There are 2 protein chains.
Amino acid sequence: MTKKQSPVTLKDLSKELGFSTSTISRVLNGKGDDYRISKDTQDIIKKAAQDNNFTPNQTARGLRLQKSFTIGLVIPDISNPFFSSIARALENECRKSGYSIILCDSEDQTKLEIDTINILKNRNLDGIIVCPVGIQGKHLIDISETLPIVIIDRYFPNLKLKYVSSNNYQGAFDATIYLSEKGHENIGCIQGIVGTSPNDERIRGYRDALIKKNIKIDESNIVGGNYDIQTGYIETKLLLAKKNPPTAIFAFSNTISLGALKALKEEKKRIPEDVSIISFDDHPYSDFLETPISSITQQNELMGKIAAKLLLDQINGTGNYEQDGILLPTNFTKRKSVNNNIK
Amino acid sequence: MTKKQSPVTLKDLSKELGFSTSTISRVLNGKGDDYRISKDTQDIIKKAAQDNNFTPNQTARGLRLQKSFTIGLVIPDISNPFFSSIARALENECRKSGYSIILCDSEDQTKLEIDTINILKNRNLDGIIVCPVGIQGKHLIDISETLPIVIIDRYFPNLKLKYVSSNNYQGAFDATIYLSEKGHENIGCIQGIVGTSPNDERIRGYRDALIKKNIKIDESNIVGGNYDIQTGYIETKLLLAKKNPPTAIFAFSNTISLGALKALKEEKKRIPEDVSIISFDDHPYSDFLETPISSITQQNELMGKIAAKLLLDQINGTGNYEQDGILLPTNFTKRKSVNNNIK
DNA sequence: TTGAAAGCGCTAACAT
DNA sequence: ATGTTAGCGCTTTCAA
């Protein structure tokens, strides 16, 4: 077994055919006509390339062209369906344009996000797409000076960075209005990371909806501070233990709602008879839960696609956008997890 | 805003310090002592590199060393939690060793898998990890002649390729025995892609268990042929329509069981009172389903880790394995989806 | 202890 | 219509 039998190079073809590497390179890059290389020569070269299974060494090409046809993707957790669906759409879109994706998992840690991005910097990437972890975006600005970059999900309104996200305000507003119109006035709200744009926008939506409905905001109902199962679990336990426990819970992510479900089950609360629940972000299993959960869903695939387009536009110098960011509307999938709250 | 301000190179440092690029390269690659470069020189060089934020251009390095510190990962669908959990473990493990991952989604199509691998071939990758799609592995053998490769999940027993998978036979055997001991003798079996190793092993486990229990195998109970929601849905509908419908269903994947759940719900079958169900592959939401589904679970993270190690061993020429493949035991998570079948 | 020079494979500016 | 040459940034052989 001959491992690493070195692949055919331009030089090899040159030796075989007697044409210079330049001529061959030109022909194989579709510039044969531009250089008025004779049809015969072109045919010979193309055939030889085919026969020898020639494919240009992308590393050499990258070095020469200062371009790698590679895009870095940094996400907090590829095993979270929210991110993996975005990643899928992104990969598809980029591949169509001839770009490959380097996948980096930041494990939800800003430090790793920064480290990762530094590693990527040496790789001659053509651009980078980040689902940021933290509430700080300075390192992203730094990158943006040298590399096209697009942000997904958690954007930074005061930083000049292209981004795609959802209209989190509207989604949360709608959900809260819905709950209140179902008679809920005591609504627990389990939030994600405070200081990140989607979270804060959702909080704003929640508050504005209550204000609109003339419901007094009980600050002790706004709890949490992390997008994970444990947060959902703990905060639900605590909310239920209150003197005046909420009749409805608004969970700010699929992970949070998972924890909430666990707590509700443990506490033998029925959904929606005892407690109603609405969640941000959907899930393939949502329809088959003990009680199907109503959710505000984001258009993940679309976010991925748009992010890819925004990045490719930057890379190619095409597209000229007035706005930095694009917000996509959320959808509201009503299922059976919300009850009429009879007073 | 200065876009693409070119990063510092060895040449730049050379100019600044007066040392040759060779010396600088040696020091920064930790070979200073080997070449007996004076401590002073080393310190100066290291400091300058740090101050100038120098990091070697990986493309140039790759071209010179014929090594990219990059690994290709080809999977059928990154948005499937089964694959994304594997991808996560893989990425983590590879990153620890200084390797990056190029992610390619084959969209469950052999053609795309082949195309994708061809694209990767030009990228000077150091190795490639594939969760193969089809029942054919010839193209993978071709690759293996020039590039270290490891297969996950669907392996090819008669091809000489390193692989990691689960003990699918045992998992299916256990599940079937369990069902039969609960009194089920009429067990529908919705399989995935016929001819792929995990599927066929599961079928073998299912058959052997029935034989062991002296239950006559009803061939019309073995249905399906694809790992998707629709297959689960259609086949369940058909199984339920039989003259003598099964009292239990064994779904060969999380996607198949999702479709089965949908069909059961539509047909107003209660789980497990009317129909029992067991599924291959778990899911974060499994515990919270209308009836929590008993499942045979694979050790996805472990598969990812081991695959990474097998590949890195090949790349580094370390590790000397007698066996081609490694099979990991499955776990059996019993939940409430199986009833005692009273005759 | 350090430097000069070659070369990884490709493309493009500059010949002719 | 095609070739020569230089150079992308790095590592390493050879020389001193």
Side-chain angles (χ1 to χ4, degrees), chain A residues 4-46 48-49 52-70 121-126, chain B residues 4-46 48-49 52-70 121-126:
Chain A
K4 285 271 185 194
Q5 41 159 313
S6 35
V8 180
T9 67
L10 281 185
K11 219 194 207 170
D12 297 333
L13 291 182
S14 167
K15 229 174 283 173
E16 183 181 324
L17 300 178
F19 292 106
S20 73
T21 57
S22 333
T23 302
I24 299 174
S25 165
R26 281 164 190 146
V27 171
L28 298 179
N29 282 311
K31 296 178 184 164
D33 289 343
D34 296 2
Y35 283 87
R36 296 194 222 157
I37 294 170
S38 75
K39 181 89 177 41
D40 285 357
T41 308
Q42 293 206 36
D43 287 348
I44 292 170
I45 290 175
K46 279 177 187 159
N52 288 286
N53 226 326
F54 170 83
T55 49
N57 179 319
Q58 289 302 130
T59 310
R61 210 153 181 261
L63 182 60
R64 175 65 229 230
L65 298 178
Q66 302 288 33
K67 185 158 177 40
S68 59
F69 287 99
T70 307
K121 262 165 55 177
N122 318 322
R123 286 184 169 261
N124 249 321
L125 295 190
D126 299 328
Chain B
K4 284 272 184 193
Q5 41 159 314
S6 35
V8 181
T9 67
L10 281 186
K11 218 194 206 170
D12 296 334
L13 291 181
S14 167
K15 229 175 282 172
E16 183 180 325
L17 300 178
F19 292 106
S20 73
T21 56
S22 331
T23 302
I24 298 174
S25 166
R26 281 164 188 145
V27 170
L28 297 180
N29 282 312
K31 297 179 185 165
D33 289 342
D34 296 1
Y35 282 87
R36 298 195 221 156
I37 293 169
S38 76
K39 181 89 177 43
D40 284 357
T41 308
Q42 293 207 35
D43 287 348
I44 291 169
I45 290 174
K46 280 177 188 160
N52 288 287
N53 226 327
F54 170 83
T55 49
N57 178 319
Q58 290 302 132
T59 310
R61 209 153 182 261
L63 182 59
R64 174 66 230 228
L65 298 177
Q66 303 287 34
K67 185 158 175 43
S68 59
F69 287 100
T70 307
K121 262 167 51 179
N122 319 323
R123 287 186 168 258
N124 248 321
L125 295 189
D126 299 327

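Please read these numbers as outputs of a predicted model, since none were measured by experiment. Any value given below was found using the heavy atoms of this structure, including those in side chains, with hydrogens, waters and symmetry copies removed. Chain naming here is simple, since letters A, B, ... match the order of the sequence lines and numbering starts at 1 in each.
- Nearest-nucleotide assignment on DNA chain D puts the 5′-proximal partner with A:Ala60, out of B:Thr21 and A:Ala60.
- Judged by distance alone with a 3.5 Å cut-off, no donor-acceptor contact links the side chain of B:Arg64 to the base of C:dG9.
- Rounding to whole angstrom units, CG of residue B:Leu63 and C1' of D:dT11 are separated by 11 Å.
- If you take CG of A:Asp34 and C1' of D:dA1, they are 13 Å apart, rounded to a whole angstrom.
- Residue B:Gln58 contributes atom CD, which lies 14 Å from atom P of D:dG9 at whole-angstrom precision.
- Applying the 3.5 Å distance criterion, the base of D:dT12 shares no donor-acceptor pair with the side chain of B:Arg61.
- The base of C:dA4 sits with one of its N or O atoms less than 3.5 Å from a complementary donor or acceptor on the side chain of B:Ser22.
- Here the closest heavy-atom approach between residue A:Phe54 and residue A:Val8 is recorded as CD1-O, 3.4 Å.
- Nearest nucleotide to the side chain of A:Ile37, out of D:dG9, C:dT11, D:dA1: D:dA1.
- When heavy atoms are screened at a 4.0 angstrom cut-off, B:Lys39 is found touching no nucleic acid atom at all.
- If you take CD of A:Gln66 and P of C:dA12, they are 12 Å apart, rounded to a whole angstrom.
- In this structure, A:Thr41 reaches the sugar-phosphate backbone alone: every heavy-atom distance under 4.0 Å involves primed, P, OP1 or OP2 atoms, never a base.
- Nucleotide C:dT11 holds its C1' atom 13 Å from the CD1 atom of A:Ile24, rounded to whole Å.
- If you check every strand for non-hydrogen atoms under 4.0 Å, B:Leu65 touches sugar and phosphate atoms only.
- Taking only side-chain nitrogens and oxygens, A:Ser38 never comes nearer than 4.0 Å to OP1 or OP2 of D:dA1.
- Between A:Tyr35 atom OH and D:dT4 atom P there is a gap of 16 Å when expressed in whole angstrom units.
- Put simply, CG on B:Leu10 is 17 Å from P on C:dA5, counting in whole angstrom units.
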